[in-house]
Amino acid sequence: MAERIEVLLSEEEVDKRIQELGDQISKDYAGRQVHLVCVLKGGSFFMCELAKRITVPVSIDFMSVSSYGGDTKSSGVVKIVKDLDEPLGNKNVIVVEDIVDSGRTLSYLLEMLKDRGPADVKLCTLLDKPDRRVVDVRVDYTGFRIPDEFVVGYGLDYDQKYRNLPYVGVVKFD
């Protein structure tokens, strides 16, 4: 079965929205520094572009987590694959994700990070699929709300392909 990609959000739309998010974060954190925590792998593309558009001082760190279980769906049981390199004490933390769907993994991750003593913890995502939400997760900064379709590009992959697309597309199977 071959797949094809249909553009959902153009490169121009994504760039414009990331600039708007950077402007909002810069306004909200005026006079302070923000510490971006990127959830690997998909979030890295978005975080790099977002960081370039934030005008207040920015520091960054990376974390890799996997949600595993006996099924292909997220179980909400989180395994830390790569933990942060720096402590979070008194930092203004913004967790940067490529997409929020069920909310299970992020709910756990956000609570775990809050226990590490940051000044605050916010969540920023490029894409939000509210129709897939199983656990209530507050998203503070949302790029786009999208329908429940399988998307790729801008860090999101299908079988490790298409992460490098400069737009967000929907995978269609022929």
Side-chain angles (χ1 to χ4, degrees), residues 1-26 34-55 58-68 71-76 78-82 84 93-107 109-110 122-135 137-174:
M1 184 172 5
E3 73 257 12
R4 61 185 165 76
I5 310 302
E6 292 181 0
V7 176
L8 176 66
L9 300 165
S10 71
E11 182 175 4
E12 294 76 22
E13 289 174 288
V14 173
D15 285 344
K16 179 178 184 274
R17 185 64 184 129
I18 293 173
Q19 181 63 58
E20 293 167 355
L21 290 170
D23 291 345
Q24 186 63 54
I25 290 168
S26 299
V34 294
H35 186 69
L36 303 180
V37 171
C38 176
V39 181
L40 294 172
K41 295 178 185 175
S44 61
F45 290 75
F46 174 45
M47 189 195 68
C48 289
E49 292 302 317
L50 179 65
K52 291 191 290 188
R53 292 164 172 86
I54 296 174
T55 58
V58 172
S59 58
I60 63 173
D61 206 343
F62 297 89
M63 182 169 224
S64 181
V65 299
S66 72
S67 182
Y68 60 93
D71 199 348
T72 56
K73 297 177 183 171
S74 170
S75 66
V78 178
K79 177 183 173 189
I80 305 298
V81 179
K82 185 228 174 282
L84 299 171
V93 174
I94 301 176
V95 175
V96 180
E97 255 292 20
D98 52 359
I99 190 165
V100 178
D101 51 31
S102 74
R104 286 185 180 116
T105 301
L106 271 173
S107 174
L109 180 63
L110 291 169
K122 304 266 177 149
L123 175 59
C124 179
T125 188
L126 179 62
L127 304 173
D128 187 8
K129 279 190 193 179
D131 292 344
R132 301 249 319 153
R133 198 80 81 247
V134 176
V135 177
V137 174
R138 178 190 162 120
V139 181
D140 302 284
Y141 302 100
T142 301
F144 301 92
R145 283 186 172 78
I146 63 169
D148 185 14
E149 297 199 67
F150 193 86
V151 291
V152 295
Y154 232 91
L156 294 131
D157 74 295
Y158 168 66
D159 197 24
Q160 294 300 323
K161 297 183 290 188
Y162 307 116
R163 282 189 199 279
N164 61 320
L165 295 176
Y167 58 87
V168 176
V170 177
V171 178
K172 298 289 184 176
F173 296 96
D174 295 323

Checklist entry - Does the pair D23 and Q19 meet the rule for a side chain to side chain donor-acceptor pair (under 3.5 Å), with working shown? => result CA-CA 6 Å; D23 291 345; Q19 181 63 58; 2.8 Å; yes
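- Under the rule for a side-chain contact (heavy atoms from CB on, under 4.5 Å), the partners of F45 that lie at least two apart in sequence or sit in another chain are Y154, R163.
- Shown here are the salt bridge (Lys or Arg N to Asp or Glu O under 4.0 Å) partners of R138, two or more places apart in sequence or in another chain: D140.
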Item to check | Worked check of side chain to side chain contact (heavy atoms under 4.5 Å, CB included) between V39 and M47 | outcome: CA-CA 9 Å; V39 181; M47 189 195 68; over 6 Å; no
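- Contacts of E6 classified as salt bridge (Lys or Arg N to Asp or Glu O under 4.0 Å), with partners at least two apart in sequence or in another chain: R4.
- A donor-acceptor distance shorter than 3.5 angstrom exists from the side chain of T125 to the backbone of L127, with no hydrogens or angles considered.
- Here K129 pairs with D148 under the salt bridge (Lys or Arg N to Asp or Glu O under 4.0 Å) rule; sequence neighbours left out.
- In this structure, S64 contributes its side chain and V81 its backbone to no donor-acceptor pair below 3.5 Å.
- Between R17 and E20 there is a salt bridge, since at least one side-chain N of the basic residue sits less than 4.0 Å from a carboxylate O of the acidic one.
- Under a cut-off of 6.0 angstrom, the local environment of NZ in K82 is crowded, with over 12 non-hydrogen atoms contributed by other residues, nucleotides or ligands.
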Hey, can you pull the donor-acceptor pairs under 3.5 Å for the side chains in residues 166-173, sequence neighbours left out?
residue	atom	partner	partner atom	Å
K172	NZ	E149	OE1	3.3

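- Residues meeting the salt bridge (Lys or Arg N to Asp or Glu O under 4.0 Å) test with K41, sequence neighbours left out: none.
- Closest approach of R53 and S26 over heavy atoms only: O-OG, 4.0 Å.
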